[in-house]
There are 2 protein chains.
Amino acid sequence: MAGKNRGIIDLSSSLTDIWRVLSDVEREKLRDNARILHFKKNDLIYTEGETPKDLMCLFKGKVKIYKRGVGSRNHIIRIICPVHYFGYRAYFAREPYVSSASAFEPCTVCLLPMELIEQFLRKNGNLALFFIQMLSVDLGVADHRVVSLTQKHVRGRLAETLLLLKESYGVEEDGATINIYLAREDLANFSNMTTSNAIRTLSNFVNERMIAIDGRKIKIIDEERLIKVSRIG
Amino acid sequence: MAGKNRGIIDLSSSLTDIWRVLSDVEREKLRDNARILHFKKNDLIYTEGETPKDLMCLFKGKVKIYKRGVGSRNHIIRIICPVHYFGYRAYFAREPYVSSASAFEPCTVCLLPMELIEQFLRKNGNLALFFIQMLSVDLGVADHRVVSLTQKHVRGRLAETLLLLKESYGVEEDGATINIYLAREDLANFSNMTTSNAIRTLSNFVNERMIAIDGRKIKIIDEERLIKVSRIG
DNA sequence: ATATAACTATGTTTAAAAACACAAATATAA
DNA sequence: TTATATTTGTGTTTTTAAACATAGTTATAT
């Protein structure tokens, strides 16, 4: 499931967001308690029902956070890319995990004990604000997604997802190809539709010259129109 | 839009959650800066695009938080009842409001300047944890709702909403009538369906003897079955 | 290298929910 | 009170997307 490692990675440069608000003592303590894990493609990082123990920071790779829904139909809540934190919400809510996380690609994850983090942020207002801000942004995104995913039609939902992926992962050197390669099924689970509909709608977008596809590579050709399709729903 | 008032209400007994984690100095300062506002039924408390300035605590009445969606179709994100806090997420995310709040019933709201709250929680770990925990719980709820509202069918969605309302607002002396009276339209906007479908499905539930309705009063008769309907979607 | 599994693609059918239309009941305001 | 607006209720039609079916393609593993 995962390999182990320590000390090779420079935490101060990888955990920048947290590192810069910590005192020297806190940094020392954190360094002593940090673990680095490696996950292979499709490895499960945590799953629904487990007890959250660590704050996770993704150093390398891509991670999907998803929930099992009706009839074991999965819904992807969000996708994490480096360097971002995940896995802490359930701990703070004093709940078991209600979602699962798995590696899209080979991943390097840094685990920091939540007990330690909580202990720090009780004394460290900047660290507290850091989490408050992350949670606040994520809650805003979640509220937005509910409306998009429930009210927009298939075309609007898929268009929004493509734009969101472009925004989150950026584009390759050509300035147009989205920097993440998802299976059609993942695209569907992220956009609240069946795989067939994702495939079909993607084909339509190609025919309408809004995008071009080459396997799992998606190139956005006419962003204006895609934005319009996303907006009108 | 709203009346003003001060000092008549005992903040210490109304703001309990926050009050108990504050120092005497903080309490004093907060008391000096707290404002009490009264809202009439259907009054707007804040709206999308405005700049968040205050933490709001609902002392009396009921408030709905909602977003304008596709084709000005509203989606109710959550409903607030006393004594709960709202209006702080956008401030922490450094965004304008992306939702609106309005009074379902005549409301009494206590406004506390967010600047002051932020200043406090930077020093006060317990206060910070209080917000972190609220945000974490709300984010969990939001993630759950996305899946329910997108994957469950109309019957399952409405059943879930009824159960949720019962859980949040409790029941009247008869032990079965839900303690909040919503228009069918609000019920629909909270359950992601059209008003017609809310009305129709409600009628079906009545015919199936799961609930009884008397105007806007909803009495849950067979909770077991309602739970089952909610679960199977 | 070949077999097997997983993914992509597309056409057809079926089911769900929205849209529409209208009537009745209730609430609100002049 | 009466007039007007809003809300509730129900039937019908249309649209949307899911479900199903099947084939071609690409990965993966042995």
Side-chain angles (χ1 to χ4, degrees), chain A residues 40-43 64 69-76 102 104-106 147-161 181-208 211-218 229 232-233, chain B residues 40-43 69-75 102 104-106 147-161 181-208 211-218 229 232-233:
Chain A
K40 293 199 297 286
K41 192 177 167 172
N42 294 325
D43 271 355
K64 64 173 165 185
V70 178
S72 71
R73 180 177 155 199
N74 285 332
H75 171 78
I76 297 179
S102 78
F104 260 130
E105 317 175 348
V147 177
S148 287
L149 293 179
T150 57
Q151 298 195 359
K152 287 182 182 177
H153 288 174
V154 163
R155 288 170 58 88
R157 299 204 298 273
L158 187 61
E160 176 171 315
T161 293
Y181 309 137
L182 298 182
R184 302 289 190 270
E185 189 183 358
D186 286 320
L187 222 43
N189 289 343
F190 199 38
S191 312
N192 179 35
M193 62 187 67
T194 55
T195 306
S196 322
N197 270 329
I199 291 167
R200 208 187 305 270
T201 308
L202 226 40
S203 299
N204 292 340
F205 286 177
V206 171
N207 291 334
E208 297 167 41
I211 63 170
I213 54 182
D214 170 19
R216 292 187 179 180
K217 289 188 183 201
I218 300 174
V229 169
I232 62 170
Chain B
K40 293 199 297 287
K41 192 177 166 171
N42 294 323
D43 271 356
V70 178
S72 70
R73 181 176 154 199
N74 284 332
H75 171 77
S102 76
F104 260 131
E105 318 175 347
V147 176
S148 287
L149 293 179
T150 57
Q151 297 194 1
K152 287 183 182 176
H153 288 174
V154 163
R155 287 170 60 87
R157 299 205 296 273
L158 187 62
E160 176 171 315
T161 293
Y181 310 138
L182 298 183
R184 303 289 190 269
E185 189 183 355
D186 286 320
L187 222 44
N189 289 343
F190 199 37
S191 312
N192 180 35
M193 61 187 66
T194 54
T195 307
S196 324
N197 270 331
I199 291 168
R200 209 187 303 272
T201 308
L202 225 41
S203 299
N204 292 340
F205 286 177
V206 171
N207 291 333
E208 297 166 41
I211 63 170
I213 54 181
D214 170 19
R216 292 187 178 179
K217 290 189 182 200
I218 299 173
V229 169
I232 61 171

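Values below: all heavy atoms of this structure, side chains included; hydrogens, waters and symmetry mates excluded. Everything numeric in this text was worked out from a predicted model, so none of it was measured. In what follows, chains are A, B, ... by sequence order, proteins preceding strands, each numbered from 1.
Using modelled atom types, one side-chain atom of B:Asn192 and one backbone atom of B:Leu149 make a donor-acceptor pair closer than 3.5 Å. Judged by distance alone, with hydrogens and angles left aside, the side-chain atoms of B:Ser191 form no donor-acceptor pair with the main-chain N or O of B:Ala188 at under 3.5 Å.
Between A:Asn192 and B:Ile213, the residue anchored nearer the 5' end of DNA chain D, judged by the nucleotide with its closest heavy atom, is B:Ile213. Comparing A:Ala183 and A:His153 by the nucleotide of DNA chain C that holds the closest heavy atom to each, the one mapping nearer the 5' end is A:Ala183.
Between the CG atom of B:Asp186 and the P atom of D:dT8 there is a distance of 9 Å, given to the nearest Å. Put simply, CZ on B:Arg73 is 12 Å from P on C:dA17, counting in whole angstrom units. Nucleotide D:dA21 holds its C1' atom 14 Å from the CD1 atom of A:Ile199, rounded to whole Å. A:Asn197 has its CG atom 13 Å from the C1' atom of D:dT15, to the nearest Å. With rounding to whole Å, B:Leu182 atom CG is found 13 Å from D:dT7 atom P. Counting to the nearest Å, the P atom of D:dA27 and the CG atom of A:Asn42 are 15 Å from each other. Regarding B:Lys152, its NZ atom lies at a distance of 13 Å from the P atom of C:dA17, rounded to whole Å. Between the C1' atom of C:dA16 and the CZ atom of B:Arg155 lies a distance of 13 Å, rounded to the nearest Å.
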| query | Run the side chain to side chain contact (heavy atoms under 4.5 Å, CB included) check on A:Thr201 and A:Ile199 step by step: do they pass? | reply | CA-CA 6 Å; A:Thr201 308; A:Ile199 291 167; over 6 Å; no
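The nucleotide whose nearest atom lies closest to any side-chain atom of A:Glu185 is, among C:dC7, D:dT10, C:dA17, C:dC7. Nearest nucleotide to the side chain of A:Arg184, out of D:dT8, C:dT10, C:dA9: C:dA9.
A salt bridge links A:Arg155 with A:Glu208: the distance from a Lys NZ or Arg NE/NH1/NH2 to an Asp or Glu carboxylate oxygen falls below 4.0 Å.
B:Arg216 has no side-chain polar atom (N or O) that falls below the 4.0 Å cut-off from OP1 or OP2 of D:dT7. An OP1 or OP2 oxygen of C:dA9 is reached within less than 4.0 angstrom by no side-chain nitrogen or oxygen of A:Ser203. A close approach under 4.0 Å does not occur between any side-chain nitrogen or oxygen of A:Thr194 and OP1 or OP2 of D:dA17. The shortest distance between the side-chain N/O atoms of B:Arg200 and the OP1/OP2 oxygens of D:dG9 is not below 4.0 Å.
Checked by atom type, the side-chain pair B:Glu185/B:Thr195 shows no donor-acceptor distance below 3.5 Å.
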